*Asks:* 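Here it is, the structure in full.
Everything quoted here is computed from the prediction, not taken from an experiment.
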Amino acid sequence: MKTQIFCLVFLFISVAQGLNPKCDTQDHGSTLQVFHIYSQCSPFKPSKPLSWEEDMLSMLAKDQARLQYLSSLVAGKSVVPVASGRQIVQSPTYIVRAKIGSPPQTMLMAMDTSNDAAWIPCNGCIGCSSKVFNTAKSTTFNTLGCHEAHCKQVPNPTCGGSACVFNMTYGSSSIAGNLSRDTVVLATDPIPSYTFGCLQKTTGKSVPQQGLLGLGRGPLSLLSQTQHLYKSTFSYCLPSFRSPNYSGSLRLGPEGQPIRIKYTQLLKNPRRPSLYFVNLIGIRVGRRVVDIPPKALAFNPSTGAGTIFDSGTVFTRLVEPAYVAVRNAFRRRVKVANVTSLGGFDTCYPVPIVAPTITFMFTGMNVTLPQENLLIHSTAGSITCLAMASAPDNVNSVLNVIANMQQQNHRVLFDVPNSRLGVARERCT
């Protein structure tokens with residue numbers, strides 16, 4: 001029986017055996033013959049010899065791909081699924097699953113980049129939903145006293161007995177609770193002794209039913225309390241608010257974040273230190289830059305004016321001069337005479353339209369929004385509206401807010417150590 005010949009890639013075996021690196025089919029009394037990787041019979045032989053430079057560049061490219069793969073393995077443990085609260089808990093916010101206590105109890109908490117402290121409804125809460133965290137069942141739960149440093153960082157702290165009690169408003173609601181501490185698990189990373197508010201009373205309808213996870217920049221936020229673990233860096237991709245599943249993601253930590261992404265500088269506002277301010281320098285409708293008074297977009301720490309990214313607001317709000325200019329440019333491009341209104345939306349059409357793109361122009365970065373990020377449709381599909389509005393005539397009338405509908409299907413990266421915010425298009429619906 002003829003000896004079967006195999007071409008293998010172990011050069012050191014070929015040298016050790018003293019074999020001729022040419023393709024030799026003679027029987028040498030062995031059932032196995034080994035050939036040099038670049039021998040004539042080797043299937044691995046390159047079509048032409050590589051230069052030293054080409055060889056080094058090839059290895060560097062393979063190393064880069066390998067490192068990206070390894071980073072994805074590390075990042076996998078710190079990715080939290082995100083869902084539209086509208087589909088899961090009938091709320092306009094985006095939610096994540098958090099496991100709290102020992103043994104863990106699952107709560108569906110709303111993500112909020114403009115608030116710091118996390119809080120959840122606890123057993124005995126007046127005005128809360130039926131889904132509450134039972135403190136008595138957790139062996140690691142503690143109520144914090146007034147002497148704790150974090151007690152000075154909650155809004156309106158008071159001492160109810162030995163407990164640190166706080167009161168605050170959220171939207172049109174008010175909440176009161178005890179400052180508490182327990183283990184929280186996001187993704188698979190346990191965060192022991194996480195400080196949060198254990199709600200005892202709520203009024204109004206703005207409070208997320210199963211609690212809130214603060215992703216702001218303050219001392220009680222997730223970023224500050226997990227700085228050793230996630231390095232004050234996170235990103236998210238928000239799926240369509242109509243998406244019925246957890247197809248979005250919250251990535252925690254610098255590993256596994258997108259490489260191809262454009263950034264703009266994060267700005268600090270001492271009057272509103274938790275908010276993520278950026279420098280919006282212009283807005284384009286189609287290919288034309290809209291004529292907006294510079295003051296409408298200017299960042300002004302003394303008045304709180306400027307532009308923020310916010311995960312909790314649904315529809316982008318622009319200060320009135322900016323909104324009117326953008327709206328009018330949008331209407332001119334659509335060229336449909338019959339413009340109607342629907343509630344707070346003043347640019348609606350009873351017929352299907354082809355909308356121009358709208359581009360937010362930031363320092364160092366442009367974000368162009370397609371139709372899916374710009375239009376909302378009535379249930380019957382008979383009315384289509386521009387999904388933006390003028391800022392309300394109140395204390396926030398100087399603030400431009402890039403809201404979650406305009407962020408859907410984008411990866412938004414908050415890199416606090418490097419003081420930058422990045423945006424890249426990403427489908428996660």
*Asks:* Evaluate whether the separation between SG of Cys151 and SG of Cys146 stays below 2.5 angstrom.
*Replies:* no

*Asks:* Is a side-chain N or O of Asn418 found less than 3.5 angstrom from the main chain of Arg420, in a donor-acceptor match?
*Replies:* no

*Asks:* Of Gln407, His410, Arg251, which is the lone residue that meets side chain to side chain contact (heavy atoms under 4.5 Å, CB included) with Tyr236?
*Replies:* Gln407

*Asks:* Between Asp189 and Ser78, is any side-chain donor less than 3.5 angstrom from a side-chain acceptor?
*Replies:* yes

*Asks:* Distance only, no hydrogens: is a donor on one side chain within 3.5 Å (strictly under) of an acceptor on the other, for Thr135 and Asn123?
*Replies:* yes

*Asks:* Regarding Thr368 and Thr357, is there a side-chain donor-to-acceptor distance under 3.5 Å anywhere?
*Replies:* no

*Asks:* Are Arg427 and Glu372 close enough for a salt bridge, meaning some N to O gap below 4.0 Å?
*Replies:* yes

*Asks:* For residues Asn178 and Thr143, is any side-chain donor paired with an opposing acceptor at under 3.5 Å?
*Replies:* no

*Asks:* Hey, can you tell me if Phe414 and Phe234 have their rings parallel, tilted or perpendicular (30° and 60° cut-offs)?
*Replies:* parallel

*Asks:* Under the 3.5 angstrom rule, does the side chain of Thr313 hit a backbone N or O of Asp310 as a donor-acceptor pair?
*Replies:* no

*Asks:* Can a cation-pi geometry be assigned to Arg97 and Tyr246, taking NZ or CZ under 6.0 Å from the six-membered ring centre and within 45° of the ring axis?
*Replies:* yes

*Asks:* Under the 3.5 angstrom rule, does the side chain of Thr429 hit a backbone N or O of Ser240 as a donor-acceptor pair?
*Replies:* yes

*Asks:* Cys348 and Cys385: sulfurs closer than 2.5 Å?
*Replies:* yes

*Asks:* Side-chain donor-acceptor pair under 3.5 Å between Gln265 and Asn279, yes or no?
*Replies:* no

*Asks:* Is the Cys128 SG less than 2.5 Å from the Cys125 SG?
*Replies:* yes

*Asks:* Whether the side chain of Thr384 engages the backbone of His377 through a donor-acceptor N/O pair (distance < 3.5 Å, no angle test) should be reported.
*Replies:* no

*Asks:* Assess the residue pair Cys164 and Cys159 against the criterion (disulfide bond (SG atoms under 2.5 Å apart)); give the C-alpha distance rounded to whole Å, side-chain angles, the decisive distance to 0.1 Å, and a yes or no.
*Replies:* CA-CA 5 Å; Cys164 177; Cys159 281; over 6 Å; no

*Asks:* I want to know whether Phe362 and Phe309 have ring centres closer than 6.0 Å.
*Replies:* yes

*Asks:* Strictly distance-based, threshold 3.5 Å: is any side-chain N or O of Gln406 a donor or acceptor partner for the main-chain N or O of Asn373?
*Replies:* yes

*Asks:* Return each pair, listed once, that meets salt bridge (Lys or Arg N to Asp or Glu O under 4.0 Å) where at least one residue sits in residues 126-135; pairs must be two or more places apart or across chains.
*Replies:* none

*Asks:* Any side-chain donor-acceptor pair under 3.5 Å between Ser390 and Glu320?
*Replies:* no

*Asks:* If you measure only the distance, is there a donor-acceptor pair under 3.5 Å linking the side chains of Asn338 and Thr340?
*Replies:* no

*Asks:* Verify the ring-centre separation between Tyr170 and Trp119: is it less than 6.0 angstrom?
*Replies:* yes

*Asks:* So, Asn404 side chain and Ser311 main chain: donor-acceptor pair closer than 3.5 Å or not?
*Replies:* yes

*Asks:* Between the side chains of Gln408 and Tyr94, is a donor N or O closer than 3.5 angstrom to an acceptor N or O?
*Replies:* yes

*Asks:* Under 3.5 Å, is there a donor-acceptor pair linking the side chains of Arg411 and Ser235?
*Replies:* yes

*Asks:* For Val339 and Arg331, run side chain to side chain contact (heavy atoms under 4.5 Å, CB included): C-alpha distance rounded to whole Å, both residues' side-chain angles, the deciding distance at 0.1 Å, then the answer.
*Replies:* CA-CA 8 Å; Val339 179; Arg331 289 178 178 179; 3.9 Å; yes

*Asks:* With distance as the sole criterion, is a donor-acceptor pair present between the side chains of Ser341 and Asp346 under 3.5 Å?
*Replies:* no

*Asks:* Phe330 vs Tyr349 aromatic rings, parallel, tilted or perpendicular, using cut-offs 30° and 60°?
*Replies:* tilted

*Asks:* Distance-only, no hydrogens or angles: does the Asn115 side chain make a donor-acceptor pair with backbone N or O of Gly214 under 3.5 Å?
*Replies:* no

*Asks:* Answer with yes or no whether the side chains of Ser172 and Ser206 bring together a donor and an acceptor at under 3.5 Å.
*Replies:* yes

*Asks:* Keeping the roles fixed (side chain from Thr183, backbone from Gly101), state whether a donor-acceptor pair exists under 3.5 Å.
*Replies:* no

*Asks:* Are there more than 12 heavy atoms of other residues, nucleotides or ligands under 6.0 Å from atom CZ of Arg288?
*Replies:* no

*Asks:* Answer with yes or no whether the side chains of Ser274 and Asp116 bring together a donor and an acceptor at under 3.5 Å.
*Replies:* yes

